[in-house]
Amino acid sequence: MTDLKNDRFLRALARQPVDRTPIWMMRQAGRYLPEYRATRAQAGSFLDLCKNAELACEVTLQPLRRYPMDAAILFSDILTIPDALGLGLYFEEGEGPKFRKTVRSEADLAGLNQIRAADDLGYVMNAVRTIRRELNGQVPLIGFSGSPWTLATYMVEGGSSKDFARVKGMAYDQPELMHALLARLADAVADYLGEQVAAGAQALQIFDTWGGSLSAAGYREFSLKYMQRVISKLPTEADGRPLPVIVFTKGGGQWLEAIAACGAQAVGIDWTTDIGQARARVGDRVALQGNMDPAMLYASPARIREEVANILASFGHGSGHVFNLGHGITPGVNPDHVTAFVDAVQELSPQYHQG
């Protein structure tokens with residue numbers, strides 16, 4: 001077992017006692033930090049930043065220099081797998097990710113590259129190894145992937161979407177084709193995450209960003225089923241500890257019980273679900289991660305502190321809570337407001353972990 005100076009995050013995911021509630025932030029390495037913007041400019045482009053292990057390591061560590069976070073998360077992108085499959089990922093300024101090719105037919109599916117994560121996504125593993133070395137046991141490192149359904153939305157739509165007309169149309173009208181695509185993606189995601197663990201990741205998060213766009217039945221059939229398939233194929237240990245997997249479905253609060261039964265050790269929840277009610281619904285089956293509204297970081301430090309207090313009180317006493325935002329931090333946030341956020345969690349949470 002690798003010695004960790006701070007294992008609070010891993011202990012909370014295992015619902016073991018901790019001295020205070022651990023905290024990290026989705027997108028904690030990002031555009032709200034001036035040092036990130038400088039490194040991104042140095043890299044030349046977002047993809048070049050992802051593919052340069054030293055620079056990806058640098059931006060991963062930047063928030064840890066400013067804030068006493070309890071975990072680092074690999075700096076990468078959820079669309080690395082579709083890119084490796086041959087769809088031609090690129091970014092348009094102000095428009096987000098786009099693909100030069102899409103998957104809308106059996107011929108498109110058959111034309112995808114056969115990939116092995118260790119080879120075709122080796123730059124990600126290089127980044128994991130570099131970050132893990134530079135962390136030197138300071139905090140655990142989280143690896144991640146998009147969920148099969150979320151990856152499929154981008155691959156079928158060709159980029160971001162407001163109504164998911166093409167991908168949901170395929171799911172409901174050509175379910176055999178959609179299931180074939182999702183099975184292919186689930187196996188690729190499992191391979192990718194397994195290689196991240198082999199390279200040094202100590203926890204994993206599956207970002208199911210667009211699972212909440214589906215109906216209740218559609219969610220179980222097209223999203224949750226394939227995250228379960230991923231989890232069933234993952235290693236069970238990392239560094240001599242049980243490997244925790246966090247599933248985060250944005251907009252998935254109504255399906256908490258089903259998500260809690262998928263095999264993950266923790267469920268991430270967005271800000272639309274009350275965390276106390278979530279805890280009452282899932283009991284001790286899983287840890288919970290979340291769930292302050294990212295927009296709260298635009299409020300005053302006093303108001304941020306008040307909201308942290310409310311969320312801590314709602315969850316209540318005991319372990320099994322990892323404090324986070326309900327989605328990623330947004331670029332316009334003042335870094336000093338993040339200081340207020342992290343300080344509030346550090347100062348207000350110990351009372352919930354005594355005795």
Side-chain angles (χ1 to χ4, degrees), residues 26-27 29-31 39-40 43-57 59-60 73-105 107-131 142-161 164 166-167 170 178 180-199 201 204-210 223 226-227 230 328:
M26 288 186 275
R27 249 185 251 144
R31 287 178 288 168
T39 309
R40 159 90 185 253
S45 75
F46 176 75
L47 275 178
D48 287 337
L49 179 54
C50 290
K51 292 182 178 182
N52 182 316
E54 297 300 327
L55 295 183
C57 176
V59 295
T60 299
I73 183 165
L74 162 70
F75 181 81
S76 189
D77 190 77
I78 64 167
L79 299 179
T80 50
I81 288 175
D83 186 42
L85 287 168
L87 295 188
L89 176 64
Y90 67 102
F91 289 84
E92 293 238 324
E93 201 59 46
E95 290 189 36
K98 291 183 177 292
F99 287 109
R100 292 186 173 84
K101 297 180 185 176
T102 55
V103 178
R104 296 177 183 171
S105 69
D108 293 339
L109 180 59
L112 294 175
N113 295 338
Q114 297 291 330
I115 61 170
R116 284 185 69 248
D119 301 327
D120 301 286
L121 292 160
Y123 67 89
V124 177
M125 311 318 152
N126 289 340
V128 172
R129 284 187 285 268
T130 304
I131 296 162
I142 306 167
F144 74 90
S145 174
S147 71
W149 169 257
T150 292
L151 299 182
T153 67
Y154 288 98
M155 293 170 70
V156 175
E157 299 285 346
S160 302
S161 176
F164 303 99
R166 288 185 182 276
V167 70
M170 181 193 290
M178 178 54 71
L181 173 58
L182 291 168
R184 177 84 178 270
L185 286 170
D187 293 346
V189 168
D191 176 38
Y192 181 52
L193 290 175
E195 290 294 342
Q196 289 183 36
V197 173
L204 297 172
Q205 176 153 319
I206 300 173
F207 283 89
D208 187 33
T209 312
W210 301 124
S223 184
Y226 289 98
M227 290 192 287
V230 170

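None of these values were measured; they are calculated from a predicted model. Starting from 1, each residue takes its place in the sequence as its number.
Rounding to the nearest 0.5 Å places CZ of Arg100 at 9.0 Å from CG of Asp83. If you take OG1 on Thr102 and CZ on Arg166, they are separated by 7.5 Å, rounding to the nearest 0.5 Å. One finds the CG atom of Leu47 at 7.0 Å from the OH atom of Tyr123 (value rounded to the nearest 0.5 Å). The CG atom of Leu112 lies 5.5 Å from the CG atom of Leu87; values are rounded to the nearest 0.5 Å. Atoms CG and CD1, from Asn113 and Ile81 in turn, are 13.0 Å apart once rounded to the nearest 0.5 Å. Rounding to the nearest 0.5 angstrom, the gap separating the CG atom in Leu79 from the CG atom in Leu151 is 6.5 Å.
Shortest non-hydrogen contact noted between Ser145 and Ile78 is C-CG2, 4.5 Å. Closest non-hydrogen pair, Lys101 versus Gly86, comes out as CD-O, 3.6 Å. Residues Pro148 and Met227 approach most closely at CD-CG, 4.3 Å, considering heavy atoms. For the pair Leu182 and Ala152, the tightest heavy-atom approach, listed with the atom from each and the gap, is CD2-CB, 3.9 Å. Taking both residues in full, the closest heavy atoms of Ala117 and Tyr192 are given as CB-CA, 3.6 Å, listed atom of the first, atom of the second, then distance. In this structure, Ala201 and Val128 approach most closely via the heavy-atom pair N-CG1, 3.7 Å.
In this structure, Phe207 has its ring center closer than 6.0 angstrom to the ring center of Phe144.
Using modelled atom types, one side-chain atom of Asp120 and one backbone atom of Arg116 make a donor-acceptor pair closer than 3.5 Å. Looking at Trp149, its side chain does come within 3.5 Å of a backbone N or O of Trp210 through a donor-acceptor pair. Looking only at distances, no side-chain donor or acceptor of Thr209 sits under 3.5 Å from a matching main-chain atom of Thr150. Of the possible donor and acceptor atoms, none in the side chain of Arg104 sits under 3.5 Å from a partner among the backbone N and O of Val167. For the pair Thr130 (side chain) and Glu54 (backbone), a donor-acceptor distance under 3.5 Å is absent.
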Determine, stepwise, if the pair Asp77 / Phe46 fulfils side-chain contact (heavy atoms from CB on, under 4.5 Å). CA-CA 9 Å; Asp77 190 77; Phe46 176 75; 3.4 Å; yes
One pair to check against side-chain contact (heavy atoms from CB on, under 4.5 Å): Leu193 and Ile206. What are the steps and the verdict? CA-CA 9 Å; Leu193 290 175; Ile206 300 173; 4.2 Å; yes
Arg184 and Gln114: side-chain contact (heavy atoms from CB on, under 4.5 Å), yes or no, with the steps? CA-CA 10 Å; Arg184 177 84 178 270; Gln114 297 291 330; 3.6 Å; yes
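In this structure the side chain of Pro82 never reaches within 4.5 angstrom of the side chain of Leu89, judged on heavy atoms.
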